[in-house]
Amino acid sequence: MNSSRTRIVALLAAALVLLAVVGGVAFFGAVLEDRPASSETDAAPGDDRSDEPTTESTIGYVEGYWYDDELPVDDRDDATLAEDELEAVIYRSMARVEVIRELPFEEDVDVEVVSREEYLAEHGDVFGNVPEDELIQRNVNYEALFVVDRATDAEDEYDSLYGGAVNGYYDPTTEEVVIVSDNPDAPETDEIILGHELLHALQDQRFGLEEFDRSTIDEAAATNGLVEGDAVWVETEYETRCETEWNCVIPEDGPAGISDINWGLYLILFQPYDDGPDYVEYLQEQDDGWSAVDAAYDDPPASSSEVIRPGDEREPVDTDVEDRSSDEWEPLEIDGEVATETVGEVGMVSMFAAGAFDPSEPTVLERGDVVTDGGYEFDHRYTDGWAGDELVVYVAADAPETTDPMESVEYTGYVWQSEWQTAEDAEEFLEAYLELLSGYGAAAVDDRADTYEIDDDYPGAYAVDRDGETVTIVRGPSVDDLSEIERGSAPAGGESLELAESTDDGGENDAGAGAGDDSDAISAAVETGLGSIVTVAVVVIGTGVVIVVVRSRRTASPSETASSRGDR
């Protein structure tokens, strides 16, 4: 395999905020004030290189270093740098990011090196000090997507996914890049990773990264499609230039990978990295360059669907689940407001595709439906008609008082309403959902219309209903609870739709691994050309929440793609 497929990369995800991904508060925003007009910025360096360059106005020049300067460390066999050597690499990397992004930094970016022990002590708890109600909501949300089962805490799944492979992040609250090193006194530096992280610092300086609405899974994926698509595009171009024209500081060995992975969570978090660069390329084509990308920070994509299908403006329809519960149940509230979630197309695709990579789980989408030569495919017929959705968590009025969110989940249910562009789209989604229920051992309830029960993993009663373009799914601990959570659900005297056979072959899924053997599944993904699966990104926001995302190296550089189209 070539280096672009096998090289393990650790990236910064300055836009991925875990609280936003799982239904918390909004953090990021776009601010375009103070951007210099084109007349105020020197052109990219070349034969007409400025005789009096400045860091603030000259593209390709930062603090005395030009983008194409040669450094003594370039000829070294390893990537271990002393403090003064690291400073030179940082400034040159900033200059190179400017050349690719065609935008100068406004000021220096501080880079701090910390030990892994220090990082874990300060930021190792992914969920931080999240209130109990939010933890309950997150567990129910991911259980609704069949990616975190009842016996498992979502917090543990995230911790397992992230592990100890974090190698760097950008912190907008301190405006610094942090390098996590096993040897902070002599850290190895990967210049390509550094370039990605510095790009996030450039985004923060130019556009602001603190007020985007990222309060739902779908909004987070949509915003990340722009912010991370921009960063991955630049990072991939950076790598290509390191291979063809620049001398770069790159370790021989990449950072450590992870041995355990929750594929459902992984796909949700990875989608913006996979589709985002194509979304950015689409924007570039609209204005022959970066202007449309810059403008998009004022008007970011409204849904993950817009990133999955660039050019498809998919403003979510207003989906408002009406509270039709009895006195026995009540909507979960967080800070005095009903806790709601929009999972979007990205969450639904991940729900139907997660089992394709884990032979111990059922799947609706096969591996061949999801894996492409350069990454993953998130555009599927079961979900491409998505128009909007809202998931509301309910709690039993007689639930015992406890501080353990896992105990509280036993007394929860939810109403998940989705809207579709056509009745046919709604029917296709429902067909796939029933197939997934079947895979998890659901059995139809006698004398109840479209009502099913599951005993293991995702226990409870499920009622489904389609009314034109609207699909409503209600889940409760028992069949009797369904009508208490949502009046009129699971009506007596009806028949249930026949459950289709799920793609569950008892461990013979084409992932090429035995049941529950995630490491073999990851190896199989590498063999299909996805690259090594690793933890690649972290960001710390405000209250100490740490975000990590896993991704694989893209296989074609943006310039190669554009060149093949004759665009650039």
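Atom set for the values below is all heavy atoms of this structure, side chains included, hydrogens, waters and symmetry mates excluded.
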For Val293 and Arg101, the nearest pair of non-hydrogen atoms, with its separation, is CG1-NH2, 3.7 Å
When rounded to the nearest 0.5 angstrom, what is the spacing between OH in Tyr170 and CD in Gln203? 9.5 Å
Inspect the contact between Arg76 and Glu85 and indicate whether a charged nitrogen and a carboxylate oxygen are less than 4.0 angstrom apart. yes
I'd like to know if the side chain of Asn224 pairs up with that of Glu228 as donor and acceptor (distance under 3.5 Å, no hydrogens or angles considered). no
Under 6.0 Å between ring centres, would you say that holds for Phe378 and Phe270? no
Using a 3.5 Å distance criterion without hydrogens, assess whether the side chain of Arg314 forms a donor-acceptor pair with backbone atoms of Ser303. no
Taking the inter-plane angle between the rings of Tyr266 and Tyr376 on a 0 to 90° scale, is it parallel (under 30°), tilted (30 to 60°) or perpendicular (over 60°)? perpendicular
Are there more than 12 heavy atoms of other residues, nucleotides or ligands under 6.0 Å from atom CD of Glu313? no
Both conditions, 6.0 Å and 45 degrees, for the charged tip of Arg49 above the ring of Trp66: are they met here? yes
Can you sort out the partners of Tyr238 under ring pair (Phe, Tyr, Trp, His ring centres under 6.0 Å), two or more places apart, ordered by chain and number? Trp246
Look only at the side chain of Asp74 and the backbone of Leu71, and say whether a donor-acceptor pair between them is shorter than 3.5 Å. yes
Using distance alone, with no hydrogens and no angle criterion, decide if Glu345 and His380 have a side-chain donor and acceptor under 3.5 Å apart. no
Are any of the side-chain nitrogens in Glu341 or Arg138 under 4.0 Å away from the carboxylate oxygens of its partner? no
CH2 on Trp233 to CG on Leu283, rounded to 0.5 Å: 12.0 Å
Just to verify, which of Val180, Thr189, Ile179 counts as forming a side-chain contact (heavy atoms from CB on, under 4.5 Å) with Val113? Ile179
